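From a predicted model like this one, the values you see are computed outputs, not experimental measurements.
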Amino acid sequence: MRKVEQFELMRTDFEKEGLAVRAIARKYGVHRRKVREAIDSAVPSERKVPERTCPVLTDEVKDFVEATLTTDRTAPRKQRHSAHRIWQRVRDELGVAVAESTVRAYVAGRRRELGFAQRVFVPQHHEIGAQAEADFYEAEFDFPWGRHTAQVIVVRSEFSAAARHVAYPTQAQPAFLEGLELGLRFLGGVFGVVRFDNLSQAVKKVIWGARNVEQDRFIAFRSHYLFEASFTTPGIEGAHEKGGVEGENGRFRRQWLTPVPSFESWEAANEYLLACCIKDLDRRLPGRDSTVGEAMVAEEQILGRLPEEGFELAELSNPRVDKQSRVRVRNNFYSVPASLVGRKVAVRLLPGAVEASWGGRVVARHDRLHLKNAESLHLDHYLDVLWDKPGAFPGSLPLHQARARGDFPASYDELWAKLKARLGQRPGTRAMIEVLLLHRDFPRDVVVASVSKALDMGAINRASIELLARGALAGESVQMSMLEVGDLARYARVLPDLGHYNALLGCGCGVAS
């Protein structure tokens, strides 16, 4: 029986039945004070709750929460902690078994004290298979070369809430189109409508009150996949017309990219993002019986069929190779073999790479540069020229870049120094170039291992390194040792010093040249 109903019965017994307070208390098993309270008012008073402290929220937990909120002040705005994320870190990093509601209440109180504003959202209803949303957002990644602001494209189903996130260094159109393609394939089909902002990768010109003028390659892309593109209202008025994907961006950043993650490469970053997208399929949205993954599987049965062949994402061009054996692509320079100087080559500009072809064969492949007037030079493209000009080898930019990329390890410098000490400056450099030419016939790791092994054996020549490389490919262990010359050692002579002859030639004494 609810308290208000009990009050009603006690008041009735007192007013209409004429029962005494003691009799009413005995009848309902309550104290006489409760009966007098019911007689005085039909509305029960609020129950007094004593002020309590949270014993689980120790000083350690509070300090951790305080430090996290303090760190968030200097963190990227969209990669700050949610209360849920803070609770996860308290549980995982501190090992404290605390209820999420307890942490949420404490974090909310501290945020109110710090003046954080609260946002309000309007719930939406979405039909299965009807529409998807696509958007770019920024996230900070740490790489061995420093912190970089990644451009992450996300494609999200409005119905299932499944989403695919892909990171790129820039928002270039090839990256935009590849991200859309990966998103559609992850979600399992083609949606009738995909909603976008008025981003330049898709829209050439915004016309108020009429259809936007779209980019030619974007028109070809949606024609390939046969979906309709819908664009939000230009300006601030359309900022919240894609609430689902906007909320997904923030949720994903807080859940998987907070604190700022570290990766060895862009490939490793996207492998991590894909793993996170797959894990998100197990989450369950409020008010739903099925998981995101189960809803995605159900939606796949309704979506349009994906084409068997993907869209040609590369931008094609035919630049001419300049005198420095480079082609210019989007204001950056990439090397090709020196034998192609003066010729036109076919170039494919991909989201993360640049490929140059000649005669139907790929002759150069570089990681795509995203600066301006930068150069990517491969040492192998210049070896034939450096053979004729060994003096240009030590200070060459291709050699400098090879060292920076780790393609010219310390063992190569050691071999080069020993070759120069034994043969002289120019012949020793040419001998080193001959060793580098072995990369055209053997895998890089085999040549590197063979050079190290030759140094250990004291076999400082190209023939020995090639023999070791062939043995490694054949799965054989080649053993070499220095020969003992025995009594022949007494015929060894110190090489003469030719410095006096050089002085004689330069004295101008009329010596015939």
- Item | Within 6.0 angstrom of Arg343 CZ, more than 12 heavy atoms from elsewhere | no
- Item | Heavy atoms from other residues, nucleotides or ligands near CG of Asp367 exceed 12 (cutoff 6.0 Å) | no
- Passes salt bridge (Lys or Arg N to Asp or Glu O under 4.0 Å), Glu214 versus Arg222? Steps please. CA-CA 11 Å; Glu214 300 175 17; Arg222 63 180 180 80; 2.7 Å; yes
If I take atom [atom1] from residue [X] and atom [atom2] from residue [Y], how far apart are they, to the nearest 0.5 angstrom?
{"X": "Trp256", "Y": "Arg85", "atom1": "CH2", "atom2": "CZ", "value": "8.0 Å"}
{"X": "Arg326", "Y": "Glu375", "atom1": "CZ", "atom2": "CD", "value": "4.5 Å"}
{"X": "Ser265", "Y": "Glu271", "atom1": "OG", "atom2": "CD", "value": "7.0 Å"}

Salt bridge (Lys or Arg N to Asp or Glu O under 4.0 Å) partners for [X], two or more places apart:
{"X": "Glu248", "answer": "Arg251, Arg283"}
{"X": "Lys279", "answer": "none"}
{"X": "Arg89", "answer": "Glu93"}
{"X": "Arg440", "answer": "Asp380, Asp384"}

Taking the side chain as C-beta and beyond, is there a heavy-atom pair between [X] and [Y] under 4.5 Å?
{"X": "Phe196", "Y": "Gln201", "answer": "no"}
{"X": "Lys453", "Y": "Ser464", "answer": "no"}
{"X": "Cys277", "Y": "Phe252", "answer": "yes"}
{"X": "His84", "Y": "Gln88", "answer": "yes"}
{"X": "Leu69", "Y": "His81", "answer": "no"}
{"X": "Leu436", "Y": "Leu379", "answer": "yes"}
{"X": "Asp282", "Y": "Thr291", "answer": "no"}
{"X": "Glu355", "Y": "Leu350", "answer": "yes"}

Side-chain ([X]) to main-chain ([Y]) donor-acceptor, under 3.5 angstrom:
{"X": "Tyr382", "Y": "Gln324", "result": "yes"}
{"X": "Arg104", "Y": "Ala83", "result": "no"}
{"X": "Ser325", "Y": "Val341", "result": "no"}
{"X": "Ser452", "Y": "Val448", "result": "yes"}
{"X": "Gln79", "Y": "Leu257", "result": "yes"}
{"X": "Asp135", "Y": "Val154", "result": "no"}

- Task: Applying side-chain contact (heavy atoms from CB on, under 4.5 Å), run through Leu187 and Arg164 and close with a yes or a no.
- Result: CA-CA 8 Å; Leu187 296 175; Arg164 176 75 160 94; 5.6 Å; no
- Message: Under the criterion side-chain contact (heavy atoms from CB on, under 4.5 Å), I'd like the reasoning laid out for Glu181 against Arg185: C-alpha separation, chi angles, the key distance, then a yes or no.
- Response: CA-CA 6 Å; Glu181 184 173 73; Arg185 295 195 177 277; 3.9 Å; yes
What residue pairs, at least two apart or across chains, pass ring pair (Phe, Tyr, Trp, His ring centres under 6.0 Å) with a residue in [range]?
{"range": "residues 317-362", "value": "Tyr334-His366"}
{"range": "residues 429-452", "value": "Tyr412-His439"}
{"range": "residues 269-309", "value": "Phe263-Tyr272"}

- Asp413/Arg403 under salt bridge (Lys or Arg N to Asp or Glu O under 4.0 Å): CA gap, chis, key distance, verdict: CA-CA 10 Å; Asp413 280 310; Arg403 284 197 175 108; 2.6 Å; yes
- Task: Report the C-alpha separation of Tyr168 and His370 in whole Å, then their side-chain angles, then the decisive distance to 0.1 Å, and conclude whether the side-chain hydrogen bond (donor to acceptor under 3.5 Å, both in side chains) test is met.
- Result: CA-CA 10 Å; Tyr168 297 97; His370 298 282; over 6 Å; no
- Task: Mind telling me whether Trp266 and Phe141 have parallel, tilted or perpendicular rings, with 30° and 60° as the class edges?
- Result: tilted
- Residue pairs, two or more places apart or on separate chains, that pass salt bridge (charged side-chain N to carboxylate O under 4.0 Å, His left out) and touch residues 330-340: Glu315-Arg330
If every non-hydrogen atom of [X] is compared with every non-hydrogen atom of [Y], which pair is closest and at what distance?
{"X": "Ile86", "Y": "Val65", "value": "CG2-CG2, 3.9 Å"}
{"X": "Ser160", "Y": "Leu285", "value": "O-CD1, 4.5 Å"}
{"X": "Arg156", "Y": "Ala161", "value": "NH2-CB, 3.4 Å"}
{"X": "Val446", "Y": "Leu473", "value": "CG2-CD2, 4.1 Å"}
{"X": "Val194", "Y": "Ala134", "value": "CG1-CB, 4.3 Å"}
{"X": "Leu177", "Y": "Phe218", "value": "CD2-CD1, 4.3 Å"}

Using the test side-chain contact (heavy atoms from CB on, under 4.5 Å), find all partners of [X] that sit at least two apart in sequence or belong to another chain.
{"X": "Ala449", "answer": "none"}
{"X": "Thr149", "answer": "Glu138, Glu140, Gln151"}
{"X": "Thr429", "answer": "Pro390, Phe393, Trp416, Lys420, Gln425, Ile433"}

- Distance under 6.0 Å and angle within 45° of the ring axis: does Arg288 meet both against Phe159? yes
- Partners of Tyr225 by ring pair (Phe, Tyr, Trp, His ring centres under 6.0 Å), sequence neighbours excluded? Phe221
- Carboxylate-amine/guanidinium proximity below 4.0 Å for Glu312 and Arg348: yes
- Message: Determine whether Phe191 and Gln131 satisfy the following criterion, side-chain contact (heavy atoms from CB on, under 4.5 Å), listing intermediate values before the conclusion.
- Response: CA-CA 6 Å; Phe191 293 79; Gln131 185 165 289; 5.7 Å; no
- Task: Would you please test Glu294 and Asp289 for side-chain contact (heavy atoms from CB on, under 4.5 Å) and show each step?
- Result: CA-CA 10 Å; Glu294 292 169 346; Asp289 296 331; over 6 Å; no
- Worked verdict on His381 versus Ser335 for side-chain hydrogen bond (donor to acceptor under 3.5 Å, both in side chains): CA-CA 7 Å; His381 296 158; Ser335 67; 2.8 Å; yes
- Query: Yes or no on salt bridge (Lys or Arg N to Asp or Glu O under 4.0 Å) for Arg470 and Glu466, after CA distance, side-chain angles and deciding distance?
  - Reply: CA-CA 6 Å; Arg470 292 187 183 281; Glu466 183 177 0; 2.8 Å; yes
